[in-house]
Protein chains: 2
Amino acid sequence: MPLAHRVPELGALELLLAVARLGSLGRAARELGISQPAASGRIRSMERQLGVALLDRSPRGSRLTEAGALVTDWARRVVEAAEAFDAGTQALRGRRDSRLTVAASMTIAEYLLPGWLIALRAARPDTAVSLLAGNSATVAERLLSGEADLGFVEGLSIPEGLDGTVIGHDRLVVVAAPGHPWARRRTPLTAAELARAPLILRERGSGTRQVLDSALSKSGGLAEPLLELASTTAVKAAVVSGAGPAVLSELAVTEELTARRLTEIHLHGIPLRRALRAVWRRSQLPTGPARDLLTLTSQPTPPL
Amino acid sequence: MPLAHRVPELGALELLLAVARLGSLGRAARELGISQPAASGRIRSMERQLGVALLDRSPRGSRLTEAGALVTDWARRVVEAAEAFDAGTQALRGRRDSRLTVAASMTIAEYLLPGWLIALRAARPDTAVSLLAGNSATVAERLLSGEADLGFVEGLSIPEGLDGTVIGHDRLVVVAAPGHPWARRRTPLTAAELARAPLILRERGSGTRQVLDSALSKSGGLAEPLLELASTTAVKAAVVSGAGPAVLSELAVTEELTARRLTEIHLHGIPLRRALRAVWRRSQLPTGPARDLLTLTSQPTPPL
DNA sequence: GCTCACTCATCACCCCAGCTTATGACCCCA
DNA sequence: TGGGGTCATAAGCTGGGGTGATGAGTGAGC
């Protein structure tokens, strides 16, 4: 039952990627700072565990088999998720010597920031980042008090006392379990229909709920919620299990949508978009590391 | 340097998710089939490793701290990637007793199939699936020879001798490194410009390249490639490192786009879309497990 | 043809992370 | 005031993964 018994440890996956990249067990071993026999043995036991031959070994090096290439691609995704985990937790640890302190809303901290931190590390390896996560209000506080150098928020407006720039957009999408009646509709949902429907929602005060509230105010406002849950994760789980539909950030549900655990319900007339903004203290344009991160995140984005 | 030393092992992450879900170390331990002290110790050493307190322990159970909730969300993504890895490799192992054999093109096998297999496992836990990966031609062969029960291909048409249905679409996108001149354009690229530009491409014969070729045939055809590489991964790596622009499946680059390692270059006039199709032997509509998987994958998709 | 430089595999040995069981402290409720 | 639940600590075992030394295969170069 436990996954860990059927999936090789991260170290083994990392080793596999190194072998694929470098073309030799020995070189991969050297790169990871272990001995060649250790590498050889680990790959071998991984092959036994998976029941799949991964490498074609020859006296001139090792190449991936066809199956091995596929396995390596899947392994890469695990390792990339682990890199994001690493970047995130490292920032969360909040070392005092960090050169840049970032305050971010939950959604951004959860889904976007780790990737940015990885990119930043690649561009500026010497920048240690601290992360403070909270809602828009606490992000503003942290910036105004000087605790944070740069903030990221999603929402309709820039908090008082701050300047900022739009770095992207976040679409809210209506989702339901594939078995839900809405999943079989051939016509888009109207605002009125959405307003009438009991939804699974985050508790009052969450950013997502505010946007939804204001977008539906002209259509009669939100109906009484079906369920009020404390976290995005809990909402997703409830929707997947068929409890009812919900409105969630696109960022939170892309995976569930591609895997068909959830179905997007198309919506007519109401654009549920909100801007993602980088923010800072009024008239104190970010400099140094903060500026590096800002330029990194404000690449032109799809003008959808 | 090696990632594995800074990221807890999969077993520990899995345990953390179980604790978050069940609200108690002991119950999580029971679910994973280990003793309560083992769970306690593992979480504790994970907290030491990360330098972050994850749990509020009380005599009535354990709840996540704020930081712990964020860490758990990141951990969940690692575990989900590991689940996809597991589902994929398990199908690749190709057990003889499998009730369903699927043949899929590389792109689909790599990015979509693992998720579908997870969903299928949830719906029909007793269905063991075998996977044969190849290009469109080999998928067709496997179906016609009876080796495979159901196939998935991306491309412009249905291979000879097969029936099929469109289950989704795959957009090809032009991508470049954030530092590339194209990344700073304010106007969309034209077909003629794209045709003139030397690109990093997969070798001749790949599905992506065919679609691109045919879409640009009216604009003068593809320019001489800058580089020809054997795998999507290699192309991505070359683009990220700044070697030049490329055209790749949206599926292959979403992560790089959200993390801003790559920038999408908007394109004017040419819709580089291709259908994703489920296919089977002519007039032999899928039944049994094949039908289960088919209904799962053919949920209505965004009519973009 | 020999040597060198590279590949990978095998063997013997060692160590510690993570497991177990047994126990104890704390809290709350019937 | 027991009995259910929580978590922590302690002592002891085990095995996976590590090292280092060695050997066997292959190809390039003199």
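Every chain is numbered from 1, with letters handed out A, B, ... down the list of sequences.
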Asker: Measure from CD on A/Q49 to C1' on D/dG17 and round the result to the nearest Å.
Answerer: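 Those two atoms, CD and C1', are 14 Å apart.
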Asker: Between C/dG18 atom P and B/E9 atom CD, what is the distance in whole Å?
Answerer: 7 Å
Asker: With heavy-atom distances below 4.5 Å as the criterion, would you say the side chains of B/L13 and A/F85 are in contact?
Answerer: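 B/L13 vs A/F85: side chains touch.
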Asker: Under 4.5 Å between any side-chain heavy atoms of A/W74 and B/L92, yes or no?
Answerer: yes
Asker: Between P on D/dC7 and CD on B/E47, what's the gap in Å once rounded to a whole number?
Answerer: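 Between P of D/dC7 and CD of B/E47: 12 Å.
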Asker: Taking CZ from B/R42 and C1' from C/dC16, how many angstroms apart are they, rounded to a whole number?
Answerer: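 In whole Å, C/dC16 C1' lies 14 Å from B/R42 CZ.
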Asker: CG of B/D56 versus C1' of C/dC26: gap in Å, rounded?
Answerer: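 Between C1' of C/dC26 and CG of B/D56: 16 Å.
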Asker: Specify the separation, in whole Å, of atom CD1 of A/I34 and atom P of D/dG16.
Answerer: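 From A/I34 CD1 to D/dG16 P: 17 Å.
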Asker: Could you tell me the separation between the CD1 atom of B/I43 and the P atom of D/dT6, rounded to a whole number of Å?
Answerer: 15 Å
Asker: Any side-chain heavy atom of B/L55 within less than 4.5 Å of one from B/L25?
Answerer: yes
Asker: Find out whether A/L16 and A/L64 are in side-chain contact, i.e. whether some heavy atom of one side chain is under 4.5 Å from a heavy atom of the other.
Answerer: yes
Asker: If you define the side chain from C-beta out and look only at heavy atoms, does anything of B/L293 sit under 4.5 Å from B/R124?
Answerer: no
Asker: May I have the list of side-chain donor-acceptor pairs in residues 227-234 of chain B shorter than 3.5 Å, sequence neighbours left out?
Answerer:
unit_1, atom_1, unit_2, atom_2, d
B/E228, OE2, B/R209, NH1, 2.8
B/E228, OE2, B/R209, NH2, 3.2
B/S231, OG, B/A234, N, 3.1
B/T232, OG1, B/R202, NH1, 3.1
B/T233, OG1, A/D73, OD1, 3.2
B/T233, OG1, A/R76, NH1, 3.4

Asker: Below 4.0 angstrom, which residues in residues 65-75 of chain A have at least one non-hydrogen atom near DNA chain D?
Answerer: none
Asker: What one-letter contact string describes nucleotides 5-10 of chain C from 5' to 3', where B marks a base within less than 4.0 Å of any protein heavy atom, S marks contact via sugar-phosphate atoms alone, and - marks no contact?
Answerer: --SBBB
Asker: To the nearest Å, give me how far apart CE (A/M46) and P (D/dG16) are.
Answerer: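 Taking atom P of D/dG16 as the reference, CE of A/M46 is at 16 Å.
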